[in-house]
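Every number for a ligand or one of its atoms is a count from 1 in the order of the listing.
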Amino acid sequence: MKNTSILFTGFIFLLTIPLFASIGSPKPIQNNQTIIYSDEASDTKALALIHSKCFVCHNPDMKAETRLAPPMHMVRQHYYTTEISKAEFVDQITNFVMNPTAEKSVMPGAVRNFGLMPKSVFEESEVKIIAAYIFDNDLASDSWYKKWKKYKQTLQ
Ligand code: HEC
């Protein structure tokens, strides 16, 4: 009886080793291809990020006269093509946002109207989440606008 319980404890202990081993190990490095948002929670997290970091200027509700920058769906239009991969899209947006220059700009009209986007300090990993979100969501669509409206209600 005693022997079996020792054996049993030993067995349980062996089972837990891989568990402990995985706790301290570094997370696998993600490349852009793996940034995929399919569940609602990460979608909402990305929306919260774009809201706090970008919509001050790229606001979907701002009237043309008071706008500080083109709305984000216009920006998307200039970067999104049916051929572009998500990784390329995320790279191009991130590259511009981390260090905006006139040479990198693909929106000369916007630069003329609003001036070049000012350089700010952003967390690159957050910009990538935002860029992936812009790729995944057609921000000009009614279905996206409904999501935005629903999100705004949670802020009140
Ligand atoms: C302080 C205001 C401001 C904030 C905040 C801001 N932008 Fe901009 N952004 C601008 C302006 C103004 C332009 C238009 C001029 C230009 O294209 O540089 C612009 C243009 C852009 C462009 C188009 C670049 C081009 O010309 O090809 C991208 C992409 C962009 N913004 C992404 C973002 C993202 C993503 C965020 C949030 C992380 C963000 N911006 C936050 C002001 C802002």
Side-chain angles (χ1 to χ4, degrees), residues 16 18-156:
T16 58
L19 241 177
F20 286 122
S22 66
I23 288 172
S25 64
K27 295 215 168 68
I29 295 163
Q30 287 199 331
N31 66 28
N32 293 329
Q33 295 285 17
T34 58
I35 307 176
I36 294 164
Y37 298 100
S38 42
D39 64 280
E40 205 175 323
S42 41
D43 204 57
T44 309
K45 195 182 150 216
L47 185 54
L49 272 178
I50 197 174
H51 171 234
S52 65
K53 309 282 174 184
C54 318
F55 283 180
V56 196
C57 299
H58 295 283
N59 198 287
D61 301 318
M62 244 178 228
K63 303 258 174 332
E65 317 82 68
T66 52
R67 216 169 259 159
L68 300 168
M72 203 57 102
H73 71 86
M74 299 269 275
V75 172
R76 183 181 192 270
Q77 242 174 43
H78 283 82
Y79 282 80
Y80 186 87
T81 64
T82 45
E83 291 86 44
I84 198 168
S85 72
K86 188 168 175 175
E88 273 174 284
F89 183 91
V90 168
D91 274 354
Q92 282 177 19
I93 300 267
T94 306
N95 183 22
F96 181 86
V97 171
M98 294 308 288
N99 188 20
T101 65
E103 292 74 43
K104 288 183 203 162
S105 167
V106 298
M107 299 179 71
V111 176
R112 248 191 331 271
N113 290 338
F114 301 102
L116 186 67
M117 175 165 150
K119 184 177 173 165
S120 333
V121 180
F122 293 114
E123 200 64 58
E124 188 168 334
S125 58
E126 291 186 342
V127 176
K128 285 188 171 175
I129 292 174
I130 291 169
Y133 180 84
I134 299 171
F135 180 89
D136 286 339
N137 288 272
D138 178 0
L139 304 182
S141 68
D142 287 345
S143 60
W144 180 79
Y145 199 79
K146 273 197 197 122
K147 272 204 271 187
W148 166 236
K149 255 169 69 180
K150 209 172 129 197
Y151 172 77
K152 276 196 295 185
Q153 279 164 3
T154 67
L155 302 175
Q156 282 153 12

Worksheet item: Going by the angle between their ring planes, with limits at 30° and 60°, are Trp148 and Phe55 parallel, tilted or perpendicular?
Response: perpendicular

Worksheet item: Within a reach of under 6.0 Å around NZ of Lys149, are more than 12 heavy atoms found that belong to other residues, nucleotides or ligands?
Response: no

Worksheet entry | Element-labelled atoms of ligand 1 that are located less than 4.0 Å from some non-hydrogen atom of Ile93 | 29 (C)

Discussion item. Can you name the atoms of ligand 1, numbered from 1 with element, that are less than 4.0 Å from a heavy atom of Phe114?
Written reply: 12 (C)

Fill in: N/O separation below 3.5 Å, Val106 to ligand 1
yes

Item to complete: Using a strict 4.0 Å cut-off to heavy atoms of Leu68, name the atoms of ligand 1 that fall inside it.
Response: 12 (C)

Item to complete: Indicate yes or no: does an N/O atom of Lys53 lie under 3.5 Å from an N/O atom of ligand 1?
Response: no

Worksheet item: Of Lys45, Lys53, Glu123, which meets side-chain contact (heavy atoms from CB on, under 4.5 Å) against Ile129?
Response: Lys45

Worksheet item: How many angstroms lie between atom OH of Tyr79 and atom CE of Met107, to the nearest 0.5 angstrom?
Response: 7.5 Å

Worksheet item: Does an N or O from His58, backbone or side chain, lie closer than 3.5 Å to an N or O of ligand 1?
Response: yes

Worksheet entry | Ligand-residue contact atoms, ligand 1 with Phe122, heavy atoms, under 4.0 Å | 38 (C)

Worksheet item: In ligand 1, which numbered atoms sit nearer than 4.0 Å to a non-hydrogen atom of Leu116?
Response: 18 (O)

Fill in: atom 36 (C) of ligand 1 - nearest protein heavy atom and its distance
Cys54 SG, 2.8 Å

Worksheet item: Quick one: nearest non-hydrogen protein atom to atom 28 (C) of ligand 1, plus distance?
Response: Val75 CG1, 3.5 Å

Fill in: Nearest-contact summary for atom 18 (O) of ligand 1 - protein heavy atom, Å
Met117 N, 2.9 Å

Worksheet item: Is Thr94 reaching over with its side chain to a backbone N or O of Asp91, donor-acceptor style, under 3.5 angstrom?
Response: no

Discussion item. Checking a contact table here: which protein heavy atom is nearest atom 3 (C) of ligand 1, and how many Å away?
Written reply: Cys57 SG, 2.7 Å

Response to the item:
for atom 27 (O) of ligand 1, nearest protein heavy atom and its distance come out as Tyr79 OH, 2.5 Å

Fill in: Which residue and heavy atom of the protein sit nearest atom 26 (O) of ligand 1, plus the separation
Ser105 OG, 2.6 Å

Worksheet item: So which heavy atom in the protein is nearest atom 32 (C) of ligand 1, and how far is it from that ligand atom?
Response: Val97 CG2, 3.4 Å

Discussion item. Are more than 12 heavy atoms, taken from residues, nucleotides or ligands other than Lys150, located less than 6.0 Å from that residue's NZ atom?
Written reply: no

Worksheet entry | Glu40 CD to Leu47 CG distance, which is reported to the nearest 0.5 Å | 11.0 Å

Discussion item. Under the side-chain contact (heavy atoms from CB on, under 4.5 Å) test against His58, which residue among Met74, Arg67, Met117, His73 passes?
Written reply: Met117

Worksheet, complete the sentence: For Ala69, the ligand 1 atoms with a heavy-atom partner under 4.0 Å come out as 10 (C), 11 (C), 12 (C), 42 (C)

Worksheet item: Of the backbone atoms (N, CA, C, O) and the side-chain heavy atoms from C-beta on, which set of Pro118 has a member under 4.0 Å from an atom of ligand 1: side chain, backbone, both, or neither?
Response: side chain

Discussion item. If you count every heavy atom of other residues, nucleotides or ligands that lies below 6.0 Å from Asn99 atom CG, does the total exceed 12?
Written reply: yes

Practice prompt. Could you please spell out the steps behind the side chain to side chain contact (heavy atoms under 4.5 Å, CB included) verdict for Asp43 and Asn137?
Written response: CA-CA 10 Å; Asp43 204 57; Asn137 288 272; 3.9 Å; yes

Fill in: Side-chain donor or acceptor of Asp138 paired with backbone N/O of Ala140 under 3.5 Å
yes

Worksheet item: Looking only at N/O atoms, are Met72 and ligand 1 under 3.5 Å apart anywhere?
Response: no

Discussion item. With a 4.0 Å cut-off on heavy atoms, is Val56 in contact with ligand 1?
Written reply: no

Worksheet entry | atom 17 (O) of ligand 1: nearest protein contact (heavy atom, Å) | Val111 CG2, 3.7 Å

Worksheet, complete the sentence: Closest non-hydrogen contact found for Tyr80 with Phe135 is CE1-CE1, 3.7 Å

Worksheet item: In Å and rounded to the nearest 0.5 Å, what is the CE to CZ distance from Met72 to Arg76?
Response: 11.5 Å

Worksheet entry | Test item, Pro100 contacting ligand 1 (heavy atom, 4.0 angstrom) | no

